[in-house]
Amino acid sequence: MNKPIVRFAPSPTGYLHIGGARTALFNWLYAKKNNGTFLLRIEDTDTERSEQKYVDQISDALQWLGLSWDDEIVYQSSNIERHQSVVVSMIENGTAYRCFITKEELDNLREKSEQNKEAFRVPKTYRDYTESQQQELVDQGKPFTVRLKIPDGITEFDDLVYGNIKVNNNDLDDFIIARSDGTPTYNFVVTIDDSDMNITHVIRGDDHLANTPKQILVYKALGLNVPTFAHLPMILGADKKRLSKRHTATNVQEYRDKGYTSEAILNYLSLLGWNPDSEQEIFNLDDLIDGFNLEQVQKKPATFDEKKLLWVSGQHMAKISIDIVILELEKLNPSWGQGQSDKYKSDVLSLTKDRSKTLTDLMEISDTFFVDHIIYDMDIKNKIWNEISSQIIDDLLNAINIEENFDKQTLESIFENLMNQHDLSLGKLMQPVRFALSGLTYGPGIFDTMLLLGKDICVKRLSEGVKELS
RNA sequence: GGCCCGUUCGUCUAGUGGUUAGGACUCAUGGUUUUCAUCCAUGCAACAGGGGUUCGAUUCCCCUACGGGCUGCCA
C-alpha cells in the first residue's frame, strides 16, 4: 500500500476537547502504523468564531499529547483564492451555477415545509439558466450564491468503519459552495484542501458521515480522486449526549491539570471505540501504534467514563519510572520539590508513587515530605485523636531520644514496646503517630516514612504536633 | 418531515446459527497489607421489542421503538 497521508482538521472555535483528541489520535496512529504522514489543518474560514488563541491552545494540546504533526500547519483561510478560482471554473464548465434565491425566501420555504411536515427541497429554479441568463441577473446587481449541480444517480462509498454507504442523489440538495459574499463553504473547501494536500484517508467524526456523499460529488465534479473515508463514532458524555462544551471537563488541558499523563489519556481514548482484539487494556504509545487498525473501530458511540480513565492512569503510574515522574511533576508544578536533592525526591517518590493514581495524587501524598510545618486538619483530628494519643506521642518521643540509633530495627522495637505498654495493635498505635507526623491518615509505611524524614524532623514534627493537637 | 447511521451487563467491549453469552471498569463481600493505595478471590449485572427464515436465533432478514448525525449563505 502507498504511504497514507491523513490530517486532523479542527476549527479554532473552541478548545481541543476529548473527542477531537480521539480523532487526532486515531489519525496519528493510522499514519504511524503505516509509515504515513499526519498533517494538521486549521479550518478557520468562519471568521466570526475563529480565534488565534484556540489555534494556540489546540496545537499546545496536541503537542502535549505527543501527537505531533508533519510539515507546516495549513490554514484553510490562506487558500481562499484557490477555492474561489475553483468556484469560477465550475460555473464556467457548468458543474455549478449561480442561484439568486435569497436567504429570506429560503427560510420561508423551509418553514412552510416544516409546518406541512414535508421534506424540504431547495428549488432548482436557476439550475438550468444559461451562462448569459445568469450574467444578466448578475448585471442587474442581484446577489447570488453558487450551488453545486448535483446529477441524478446514486452516490456510494465504502467507509472503512461503516462499510458501504449509499445515497440517492435526489435526496441531496444542490448545496451552496460559495456564499453571496463570495466565500466558499465547508463541504466544498474541505474537498479542495484534502485533494490539494493529497490526503489519502479522511478519518474524522461520524458527524461528517452524512456530508460525505456531498463531498464525493464535489470530487467527481472536479474530476479529482476520491480519498478513502473512515468515520469514527462520537464520544458521549455521561448524559449520553454528544460531548460538547456544555459537559464538564472536556478540555484536554483540564485532564493534564488533573494530573493525568498524556500516555494514560491516549491509552484510555484509544479504548473508546476501538478494541485491540485481545484482553490487553494498558498500552504505551508503541503498543498502540503496533496494534492499531481501523477495522476494529466500533460503529456505536462510546460514553466517556472518568472512573475507567482513573484506573488506566493508576496502571500507568505503576509502570512509569521515577525519573520520568519527577520530570512530569516538575512540568505540572515547577515548585514541586523545589530545593530538594534529586536523591531525596526520588526516595520520596519510590515510597509514594505506587499508591497514587495520578500525578496530582502523588503531589498531594508526597507534599508532607517537603513542608516545613504540618498544617493539621481539625476535622480529621477530631475523628482520630483521642485522650491517649498525646501520651503515645510523648512516649514515642522519649523512646526515640533515649535510643542512639534511628534505624528500622530500632523503630520496630520501639513500637513493639509501645504496643505492649498501651495494649494496642500496630494499626491503632501508628494512627496518631502518622497524623502527628504527616497530617495524613494514609501514606507509605510508618517506618519508611520516619526513616526518610530522619530523626531530627521526626522529633521536631512530633513535639510540635503534640503541642498543637493536645 | 426526508435521508444516513447505530442498539450485548450501569460503562468500555468480546463473541457465535446450538456457549453456563467471555473480559475490563464501577459497585458489594472476603483475603493480603502497620494505615491508605495496590494486589488476589468471589459476587451482582446484558443480547431494546415484535415478526419472520431455521430443527434451533443474541447471531441472518423485515418492522417498530429508542438514540445520534445530516437536512445552514456553521465547520
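Keep in mind that this is a model prediction, so the values were computed, not measured. Residue numbers start from 1 in every chain, and the chains themselves are labelled A, B, ... in the order their sequence lines are given, proteins ahead of strands.
Here A:Glu48 lies out of heavy-atom contact (under 4.0 Å) with every strand. Using a 4.0 Å heavy-atom criterion, one finds that A:Glu114 contacts no nucleic acid atom at all. Residue A:Gly273 is classed as a sugar-phosphate contact, given heavy-atom separations below 4.0 Å to backbone atoms only.
Comparing B:G56 with B:G18, their C1' atoms are spaced 7 Å from each other, to the whole Å. B:A48 sits 15 Å from B:U13 when the P atoms are compared, rounded to a whole Å. Rounded to whole Å, the C1' atom of B:C63 lies 15 Å from the corresponding atom of B:U53. Atom P of B:G6 sits at a distance of 12 Å from the matching atom of B:C60, rounded to the whole Å. Here the separation of B:U26 from B:C12, taken at their C1' atoms, is 11 Å to the nearest Å.
Within the shown strands, nothing qualifies as a pairing partner of B:U58 under the Watson-Crick or G-U definition with both distances less than 3.5 Å. Judged by Watson-Crick or G-U wobble contacts below 3.5 Å, the nucleotide B:A24 has B:U11 as its partner. Under the Watson-Crick or G-U wobble criterion, with both distances below 3.5 Å, B:G67 is paired with B:C5. Remark: B:C39 base-pairs with B:G31. Criterion, Watson-Crick or G-U wobble with two distances under 3.5 Å.
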Practice problem: Evaluate ring pair (Phe, Tyr, Trp, His ring centres under 6.0 Å) for A:Trp311 paired with A:Tyr268, printing each intermediate quantity in order. | Solution: CA-CA 9 Å; A:Trp311 175 78; A:Tyr268 175 66; 9.8 Å; no
Quiz item: Can you check ring pair (Phe, Tyr, Trp, His ring centres under 6.0 Å) on A:Tyr97 and A:Tyr126, steps first, answer last?
Solution: CA-CA 7 Å; A:Tyr97 62 94; A:Tyr126 299 95; 8.1 Å; no
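Residues A:Gln57 and A:Asn251 have side chains that bring a donor and an acceptor to within less than 3.5 angstrom of each other.
Within 6.0 Å of CD on A:Glu403 lie more than 12 heavy atoms contributed by other residues, nucleotides or ligands. Other residues, nucleotides and ligands contribute only 12 or fewer heavy atoms inside 6.0 Å of the CD atom of A:Glu81. Applying the 6.0 Å contact sphere to NZ of A:Lys428 captures no more than 12 heavy atoms from other residues, nucleotides or ligands. With a 6.0 Å radius and a threshold of 12 heavy atoms from other residues, nucleotides or ligands, A:Asp423 has its CG atom at or below the threshold.
Checking B:C5, B:C25, B:U8 against every side-chain atom of A:Lys307, the shortest atom distance belongs to B:C25. Side-chain atoms of A:Tyr162 lie closest to B:G6 of the nucleotides B:C4, B:G22, B:G6.
Between A:Gln298 and B:G6 there is no side-chain N or O to OP1 or OP2 distance below 4.0 Å. Distances shorter than 4.0 Å separate none of the side-chain N or O atoms of A:Lys308 from OP1 or OP2 on B:U13.
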Exercise. Sugar-phosphate atoms are those with a prime plus P, OP1 and OP2; base atoms are the rest. Using that split, label each nucleotide of nucleotides 59-75 of chain B B, S or - for protein heavy atoms under 4.0 Å, 5' to 3'.
Key: ---------SBSSSBBB
Exercise. Using a 4.0 Å cut-off on protein heavy atoms (strictly under), produce a 5'-to-3' string for nucleotides 33-46 of chain B with B for base contact, S for backbone-only sugar-phosphate contact, and - for none.
Key: -BBBBSS-------
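Geometric assessment of A:Arg127 against the ring of A:Tyr129 yields a negative cation-pi assignment under the 6.0 Å and 45° thresholds. The side-chain tip of A:Lys258 points at the ring of A:Tyr255 from less than 6.0 angstrom away and within 45° of straight on.
Taking for each of A:Ala302 and A:Asp171 the nucleotide of RNA chain B with the nearest heavy atom, the 5'-most of the two is the partner of A:Asp171.
With hydrogens and angles ignored, the 3.5 Å screen pairs a side-chain donor or acceptor of A:Lys353 with a backbone N or O of A:Ile320.
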